[in-house]
There are 2 protein chains.
Amino acid sequence: MIEVPEGSLFGYGNLPYGVFSRPGEERRVGVRLGDSVVDVALLLDDEVFAAPTLNPFLAQGRARWDEVRARLRDLLRGDVPGEAVHPVGEVTLHLPFEVADYVDFYASEHHASNLGRLFRPDSEPLMPNWKHLPVGYHGRAGTVVVSGTDVVRPCGQRKAPDETAPTYGPSRRLDIEAELGFVVGTPSPLGGRIDVDSFADHVFGVVLVNDWSARDLQAWEYVPLGPHLGKSFATSISPWVVPLAALEAARVPLPGQDPEPLPYLRGREDWGLDIDLVVEWNGEEVSRPPYRTMYWSPAQMLAHLTVNGASARTGDLFASGTISGPEKSQRGAFIELTWGGREPVTVKGEQRTFLEDGDEVTISATAPGPDGGRISFGEVTGTIRPARD
Amino acid sequence: MIEVPEGSLFGYGNLPYGVFSRPGEERRVGVRLGDSVVDVALLLDDEVFAAPTLNPFLAQGRARWDEVRARLRDLLRGDVPGEAVHPVGEVTLHLPFEVADYVDFYASEHHASNLGRLFRPDSEPLMPNWKHLPVGYHGRAGTVVVSGTDVVRPCGQRKAPDETAPTYGPSRRLDIEAELGFVVGTPSPLGGRIDVDSFADHVFGVVLVNDWSARDLQAWEYVPLGPHLGKSFATSISPWVVPLAALEAARVPLPGQDPEPLPYLRGREDWGLDIDLVVEWNGEEVSRPPYRTMYWSPAQMLAHLTVNGASARTGDLFASGTISGPEKSQRGAFIELTWGGREPVTVKGEQRTFLEDGDEVTISATAPGPDGGRISFGEVTGTIRPARD
């Protein structure tokens, strides 16, 4: 029987999936229990888990996800062959799934209001559409990387308000965005749509996301077609995908929507999520964004995403956008936390605004677990490397 | 020897690649010559062309593309085994490559100015950044479809200026965008960048693109993060990828850039392209967009796309944005051609503004060929089907 440390946040109620490898061996699917990674292909004698990504399993759909989870919860309490169990510190964790399309939403009212004030100080902070639809845009799927991947400071064009022309160079306002990401398993056809109450039939699970953002590049480029190079250089995700099935106890009502959304965005089920994030900057906690404060639910995001007939594919990733609560200590981006760089925060005794080379940011999260206690999402971490010439 | 009709636009200088199948058989790579599709896997006895997409061949890089093209130009003038040759009317043409990331630019000054006047009548038509960088955004790769795929009218939220709240329903302002798309073969690593003069080492070829656009959905949703559902329901591309190598005679200088772009966007090579598009609405020609009038070159687009260290992948597709020339008869979107619907055009004797159910739009293009004469890009066509409940 696998040893699960007392109070582990990776107990039998969590069982997140990832992709791991050992030196000289191929990638395969693992499930985490305590401080161990269990080789699912070996344990279940099933080739679908001998793949280098979760995608083949994700494509099998909800009934199969439920069946495998029930089977793992059962088998993992018994005798597991030693060759299927590896200490998590002795394996390499990889990008857990091949990302099809990546969409990033903007679902926190506090974040959207803060950014509105910072980017457009002379206008209403929220655009007229914001409370009618979950605003979102497509990001770059090819630059979604796994936690631990270094982030090279991006270069590009930036123009300060007092400059007459843009200049080229490394970003001077490199930032993070602490988010959750939702991973689509079951696809939907072109011309179809996913009903707001069919969310759990299509979405397999949840990852942590750090949507690294170069605010100076973004501010100059984003009109009228939205963010592009300010975001596309890297988006980091956690190696563990927490199944929706592990989040039953975390489901809560949304804080409230006014005006009432159009019917296609009204669901019978609660998909607010009581998940607490923690942002650490060089090892010091600087923020605790509460996911339960988000205005739009992920079920509404997916319903909106497909209401025009856009198909969804296995491996689609859609993220919540920065999670910011009403308090300053709950803001999920440094541009908000330091109010555009004008109110530095103290990090390990230094006054800091945006990211410096060598800085490391780690986002982690926990939620109420299905068996009582709490479960962990692990973490997404990354270190800033200097810009290249 | 394969018969090539006198004056064919698919002569030995063109040789575009596609993916075809015959009834009951697997997809494989073909090259078009005259009115025939030649089975490349069979002709070259090479398994890389027995794939259901061009991606494996695209990934082999420029030296290999040149070698295969030279070999085909040679072999196709000799005796080609009959079983390798199929009349184009007897095969099914498929999406020619698996799309990795899809980026859409906005590189026509005439189009961007027209849309600025229509969407933001009280402001300067061009945003301050427009002449400094090729503005672009990510689109939905999963809804890129091959020519001939029906387009279901999208539903979504739209709000007319005189309405107080948005309503839900089928788009009432469904439009086209006539564009060229550039297909990346050779990838580039994360943290690297593609120099503006390395364009032809990375880009394999060119397709026609119709970026279907629901203008009412777009106008309501697009601030501040750019177009999303107004575009993501479908983007159609032509089945034939014309290799860059076939476009040597089409290369021309850009019309001129003022101010001079930053150094990373300055190239030694001309990548303006003298390609003439034709837009037909229900079989009647309504526009002739001239690609040579585009402000930004595709080499500049790719250099910009990767200057922040974003990786490029085999199968990445980046499109030019709507091609519109200075004349009304050269506008590549109906919102421009009919000036927001206020100046209808006559199509088959009817006054028309935006697309109606049953309408068919076909975009085709030709360019000077490498052996004299002209070459064709084939066409991208699609028919509008009614919205679903």
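All values reported here derive from a predicted model rather than from experimental measurement. Here is how names work: the chains are called A, B, and so on, in the same order as the sequence lines, proteins then strands, and each is numbered from 1.
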Heavy-atom contact with chain A under 4.5 Å, split by part of B/L126: neither
Electrostatic pair A/R385:A/D357 at N-O distance under 4.0 angstrom: no
B/E179 side-chain N/O to B/A319 backbone N/O, donor-acceptor pair under 3.5 Å: no
Whether over 12 other heavy atoms sit under 6.0 Å from A/Q257 CD: yes
Choice from A/H228, A/R388, A/H138 maximising heavy atom contacts with chain B below 4.5 Å: A/H138
B/E163 and B/R158 ion-paired at < 4.0 Å: no
Residues A/E98 and A/T53: side-chain donor-acceptor under 3.5 angstrom: no
Side chain / backbone / both / neither for B/L262 at chain A, heavy atoms under 4.5 Å: side chain
Region of B/P170 in contact with chain A, defined by heavy-atom distances below 4.5 Å: neither
For A/W212, ring pair (Phe, Tyr, Trp, His ring centres under 6.0 Å) partners two or more places apart: none
Donor-acceptor side-chain pairing of B/D216 and B/S171 below 3.5 angstrom: yes
Chain B contact via A/R153 - side chain, backbone, both or neither, heavy atoms under 4.5 Å: neither
Options A/G136, A/A165, A/A387, A/G309, ranked by heavy-atom pairs under 4.5 Å with chain B, top entry: A/G136
Chain B interface, residue from A/G142, A/A234, A/G230 that has the most non-hydrogen pairs under 4.5 Å: A/G142
Centroid separation A/W220 to B/H132 less than 6.0 Å: yes
Under 3.5 Å side-chain donor-acceptor pair for A/T322 and A/D211: no
Contact residues of residues 107-116 of chain B (partner chain A; heavy-atom separation under 4.5 angstrom): none
Pick from A/L133, A/V135, A/V152 with the largest number of heavy-atom pairs that fall under 4.5 Å of chain B: A/L133
B/F318: partners by ring pair (Phe, Tyr, Trp, His ring centres under 6.0 Å), with sequence neighbours left out: B/F182
Proximity breakdown for B/D316 and chain A, heavy-atom pairs closer than 4.5 Å: side chain
Contact winner vs chain B - A/P154, A/C155, A/G192, heavy-atom pairs under 4.5 Å: A/C155
Pair B/E260 + B/K131, salt bridge at N-O below 4.0 Å: no
Structural part of B/V151 lying under 4.5 Å from a heavy atom of chain A: neither
Proximity breakdown for A/Y264 and chain B, heavy-atom pairs closer than 4.5 Å: side chain
Among A/E221, A/R193, A/R140, residue most engaged with chain B (heavy-atom pairs, under 4.5 Å): A/R140
Pairs flagged by side-chain hydrogen bond (donor to acceptor under 3.5 Å, both in side chains) wherever residues 118-130 of chain A is involved - sequence neighbours left out: A/R120-A/Y222
Among the listed options B/V103, B/D101, B/T143, B/V223, the residue most often paired with chain A at heavy-atom distances under 4.5 Å: B/D101
A/P259, part contacting chain B, at a heavy-atom distance under 4.5 Å: neither
Exercise: identify the closest heavy-atom pair between A/V307 and B/G156: CG1-CA, 4.5 Å
